[in-house]
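Note that the structure is predicted; figures quoted are calculated from it, not measured. Per chain, numbering begins at 1; letters A, B, ... match sequence-line order.
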Number of protein chains: 2
Amino acid sequence: MLDSLPPLNALKAFEAAARLGSVTAAAQELSVTHGAVSRQIRALEAHFDTSLFERAGRGLVLTRYGRQLHAGVSEAFTGLRASCRALNREIEGAPFTLACPGSLLARWLIPRLDRLHRELPSLRLNALASDGEPDPRRGDISAALAFIAPPWPSDMEVIEIAPETIGAVAAPGIAERLTTRPFDALFDETLLDTASRPQAWPQWAHACGLDDDALVRARQSGQSFEHLYYLLEAALAGLGVAIAPRLVIEGDLQSGRLVAPWGFVDTDARLCLLLARGTPRQSGEQLATWLRHEVTTRA
Amino acid sequence: MLDSLPPLNALKAFEAAARLGSVTAAAQELSVTHGAVSRQIRALEAHFDTSLFERAGRGLVLTRYGRQLHAGVSEAFTGLRASCRALNREIEGAPFTLACPGSLLARWLIPRLDRLHRELPSLRLNALASDGEPDPRRGDISAALAFIAPPWPSDMEVIEIAPETIGAVAAPGIAERLTTRPFDALFDETLLDTASRPQAWPQWAHACGLDDDALVRARQSGQSFEHLYYLLEAALAGLGVAIAPRLVIEGDLQSGRLVAPWGFVDTDARLCLLLARGTPRQSGEQLATWLRHEVTTRA
DNA sequence: CATGTAATGTGAGTTTTTCTCAACGGTGGT
DNA sequence: ACCACCGTTGAGAAAAACTCACATTACATG
C-alpha cells in the first residue's frame with residue numbers, strides 16, 4: 001500500500017480550520033496557538049502542492065481543492081471521533097469484576113460495598129467469590145484481591161494494599177477462661193486452621209515466642225477446614241481457637257463475637273490487588289487507593 | 001467540541017498493525033522500525049487505558065476492544081486515503097493554463113509547444129493569449145508569462161526566466177540600403193513601435209549612444225501600433241524599422257525575414273513567469289526550468 | 001532438549017517535528 | 001486615521017517520534 005496519507009496532524013488542523021472558517025478558532029479548539037495551526041495548514045498545502053484556503057483579509061475561504069478535501073476529510077474525522085467515543089464509552093461502562101476469597105468477600109468487602117459504590121460510582125464494581133487460586137487472567141475478571149507472598153507473579157500487575165496480619169481468635173467464652181492462665185495454656189484448647197494456610201499457626205506462634213513442639217502436639221488434636229469461611233464459623237461457634245487474618249475477622253472483633261487477646265503479627269504475605277492485563281489501569285489504581293484507605297483507617 | 005481524538009499517528013500505527021496482524025509488517029509499511037510502531041501502539045493503549053492487542057507469542061491478536069476500534073478506524077482511514085488520493089488526482093490532472101502575450105505566444109511559444117508537450121507531458125500545458133495586463137489572479141489561469149520590470153508584484157510568485165533584450169529590426173530590403181550609410185541614418189526610416197512600450201526606442205537608442213533629439217524628431221513621423229503583433233507585421237511588410245524584444249522576432253531573424261544589424265541591448269525588464277496563488281509550485285518550477293533552458297539554448 | 005529464528009518489548013540517546021513567543025502586515029470597522 | 005482583529009513568519013524551546021541495541025518470549029528444528 002502506497003503511503004498516500006498526508007501528515008495526519010496537519011489534516012486535523014485543516015479540518016478544524018475549514019470547519020470553523022478561522023485559524024484562531026481552530027487553534028482554540030485544538031488548544032494550541034494560532035501560529036501552530038497556521039504552520040500545519042501550510043505544511044498540508046505544501047504536501048498537496050496547492051493552496052487550500054484563500055486568505056481573504058479577515059478570515060479564510062476554502063479554495064476549490066480545499067472544499068473538496070474538507071468534504072472527504074470531515075466525514076472521515078467524524079467517523080474517527082465517533083469510533084473513539086464509542087470505544088471510550090464501552091471501556092468506561094464495562095463493569096469492573098473483582099474476584100475475592102469468599103471469606104474476605106463476605107466478612108470484609110461486602111459490608112463496605114455500599115460505601116464503595118457511593119465513593120467510586122464510576123467503577124461499577126462487581127465483586128464475586130473466587131474459589132482456590134485467584135487468577136485475573138480469566139477473561140471475565142478484571143482483578144483479584146488476595147493474600148499472596150512474594151515473589152509476585154510476573155505476568156500481571158500487582159498492587160500492594162496492606163501487610164497481612166494474622167492472629168489467634170476465639171469466641172469470648174473460650175478467651176475468658178484463658179485470661180487467668182499462662183499464655184501457652186492456649187495450646188490446651190482445640191486449635192483450628194485452614195488447609196490452605198498450614199504455616200499460619202507456626203508463623204504466629206514463633207513470632208509470639210511460643211514453643212514449637214508444644215504447638216505441634218496441640219495441633220494434633222486440632223481441626224483443619226477447607227475454607228477460611230468454615231474455620232470462622234467454627235470459631236464463632238466456640239469450637240476452639242482459630243488463626244485468621246485480622247482483616248477478615250475485623251468485624252467480628254468489633255461486634256464482640258470474637259476476641260483476640262493474644263495480638264496479631266505480620267506475615268511475609270501482603271493483601272494485593274492483582275490486575276488482569278487489559279484492565280484499565282486507572283480503575284485499578286482507583287480501587288487500590290480506596291482499598292488502602294479503607295484498610296488503614298477502619299481496620 | 002471535546003478533544004476526543006486520540007493521537008492520530010498512534011492511530012495510524014494501530015490501524016496498520018491491526019490490518020496486517022503484525023508490528024513488524026506495519027513498521028515496514030510505514031517505513032519505520034518495529035520499535036516505533038510498538039511504542040505508538042503502547043501510547044494508544046495508554047490513551048484508552050485498555051489493551052488493544054493480545055501478545056500471542058508469534059504475532060498479535062486484537063482484543064475485543066481492539067477489534068471494535070479497528071472496525072471503525074479502518075473505515076475512516078480508508079475514507080481519508082481515498083479523499084487524499086482523489087485530491088491528488090484532481091490536482092495533478094488539472095491542466096496548467098498559461099497566459100501569454102499574443103505575439104510571444106504566436107512567434108515563440110507555439111513553435112515550441114510540440115517539444116514542450118513531449119518533454120513535459122505531465123504538465124498538460126494549455127497556452128492562451130492574454131490581452132493587456134497579464135493577471136494570473138484570474139481564477140482560470142495558473143500562470144502568466146510576461147515581460148515586466150521591477151518591482152515585482154508582491155501578491156504572486158515571480159520566477160525570472162531571462163533578461164529582456166530589445167533591438168531594432170527591419171525587413172532585409174530596408175536594412176540593405178542602410179548598410180553603407182552611417183548608424184544614425186536609421187532615423188531617416190519610419191520608426192515603428194507599440195503603444196504599450198513607448199520607452200523602448202529611447203532605451204535602445206540611449207544604450208547605443210544615439211542622439212536623443214534626433215530620435216524624438218524621427219519618431220514624429222513614425223507609427224505606433226496597438227499590439228506588438230501588428231508592429232511585427234508592419235516590419236515584415238517593410239513599412240519601417242521596428243523595435244522589439246529579441247525573443248519574439250527570433251524566428252524571423254533565423255528565417256531571414258527580418259534582420260537586426262544594429263544589435264540588441266538589455267532593458268531593466270525581465271521575462272517572468274507569474275504564478276497564481278494556489279498553482280502547484282512543482283508545475284511552475286518545472287515550466288520555468290524548461291523555459292529558461294529553451295531561451296538560453298535556442299535563443 | 002538445546003539451539004536457532006522470528007517476533008515483540010524496552011531503555012537511552014538522538015533526531016525531527018511541533019509549538020510558543022514575539023513580532024509583522026494587511027483588513028475592516030469606528 | 002486609528003484601532004482591533006486575524007493570519008503569517010523567524011527563532012528558539014519543548015515535545016514527540018524515531019533509531020539502535022539488547023532483552024525476552026514462543027515456536028520450529030536438528
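Atom CD1 in I41(B) sits roughly 11 Å away from atom C1' in dG9(C) (whole-Å rounding). If you take CG of L8(B) and C1' of dA17(D), they are 14 Å apart, rounded to a whole angstrom. With rounding to whole Å, R55(B) atom CZ is found 16 Å from dC27(D) atom P. Atom NE2 in H34(A) sits about 13 Å away from atom P in dA23(C), given to the nearest Å. Between H47(B) atom NE2 and dA16(D) atom C1' the separation is 16 Å, expressed in whole Å. When the P atom of dT27(C) is taken as reference, atom CD of E54(A) falls 13 Å away, rounded to whole Å. Atom pair Q40(B):CD and dT19(D):C1' shows a separation of 13 Å (rounding to whole Å applied).
Nearest heavy atoms, L30(B) versus A13(B): CD1-CA, 3.9 Å. Of all non-hydrogen atoms in S130(B) and A99(B), the two that sit nearest each other are CB-CB, 3.8 Å. Closest approach of E285(B) to I159(B), counting heavy atoms only: CG-CD1, 4.3 Å.
Between F14(B) and F53(B), the angle of the ring planes lies from 30° to 60°, which puts this pair in the tilted group.
Not a single donor-acceptor contact under 3.5 angstrom links the side-chain atoms of R39(A) to the base of dG7(D).
Listed candidates were dC19(C), dG9(C), dG7(D). Nearest to the side chain of R42(B) is dG9(C).
Note on S38(B): a base of the nucleic acid sits closer than 4.0 angstrom, heavy atoms only.
Each of G59(A) and N9(B) has a nearest nucleotide on DNA chain D; the 5'-most of these lies closest to G59(A).
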